[in-house]
Amino acid sequence: MANDLELQNLLSAVTDALLADKKGDIDGIIGRYSVPRADVDSLIGIIQRLHVMLVGAQPSRRFVRRLKTDLIGMPERNVVARIRYLPPRVQIAAFVAIIAGFMFITRRRLMIEASESGTPEIAPVQ
């Protein structure tokens with residue numbers, strides 16, 4: 001078999017030519033290297049089939065985010081992620097606090113609107 005370095009360079013050049021869509025240059029590339037054609041025909045056939053079969057795909061954002069977390073180990077820390085990893089009791093307490101806050105704000109707004117419209121408030125029963 002030919003020199004391994006020459007063979008690797010030839011296969012790299014063929015792969016680059018296929019990626020650049022220059023399929024007609026393969027014979028010229030083989031001629032530039034001192035590698036017998038019989039030694040590389042089967043390998044070039046494999047490279048061509050891989051080029052046809054392996055199609056590029058755009059990964060989803062979720063996959064990229066998970067991969068980054070797996071590789072780097074630092075998850076993105078947004079509000080939802082922070083709450084998601086809290087214990088259930090704390091999640092329930094946070095939910096109750098949010099609901100109470102909305103109720104307080106709504107009640108306050110209704111009281112302000114009632115006082116501005118001149119509608120008398122109902123006096124508490126004694």
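Here Phe63 pairs with Pro59, Ser60, Leu67 under the side chain to side chain contact (heavy atoms under 4.5 Å, CB included) rule; sequence neighbours left out. Qualifying side chain to side chain contact (heavy atoms under 4.5 Å, CB included) partners for Asp16, counting only residues two or more places apart in sequence or in other chains: Ser12. With sequence neighbours excluded, no residue forms a side-chain hydrogen bond (donor to acceptor under 3.5 Å, both in side chains) with Arg32.
Residue Ile112 shares its hydrophobic cluster (ILVMFWY side chains chained together at separations under 4.5 Å) with no other residue. Counting side-chain heavy-atom gaps under 4.5 Å among Ile, Leu, Val, Met, Phe, Trp and Tyr, Leu110 is found in no cluster with other residues. Cluster partners of Leu19: none. The rule joins Ile, Leu, Val, Met, Phe, Trp and Tyr whenever side-chain heavy atoms lie under 4.5 Å apart, and it links nothing here.
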For residues 46-58, dump all side-chain donor-acceptor pairs below 3.5 Å to protein atoms at least two apart in sequence or in another chain.
unit_1: Arg49; atom_1: NE; unit_2: Gly45; atom_2: O; d: 3.3
unit_1: His51; atom_1: NE2; unit_2: Leu18; atom_2: O; d: 3.3

For residues 87-107, which side-chain N or O atoms pair as donor and acceptor with protein atoms under 3.5 Å away, sequence neighbours left out?
unit_1: Gln91; atom_1: NE2; unit_2: Ile83; atom_2: O; d: 2.9
unit_1: Gln91; atom_1: NE2; unit_2: Arg84; atom_2: O; d: 3.1
unit_1: Gln91; atom_1: NE2; unit_2: Leu86; atom_2: O; d: 3.2
unit_1: Thr106; atom_1: OG1; unit_2: Phe102; atom_2: O; d: 2.7

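Taking CD1 of Ile30 as the start and CD1 of Ile44 as the end, the distance is 3.0 Å to the nearest 0.5 Å.
Tested against Asn9, the residues Leu11, Leu5, Leu7 include a single side chain to side chain contact (heavy atoms under 4.5 Å, CB included) partner, Leu5.
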**Item:** From CA spacing to verdict: salt bridge (charged side-chain N to carboxylate O under 4.0 Å, His left out), Arg66, Asp70
**Value:** CA-CA 6 Å; Arg66 280 184 156 175; Asp70 288 346; over 6 Å; no
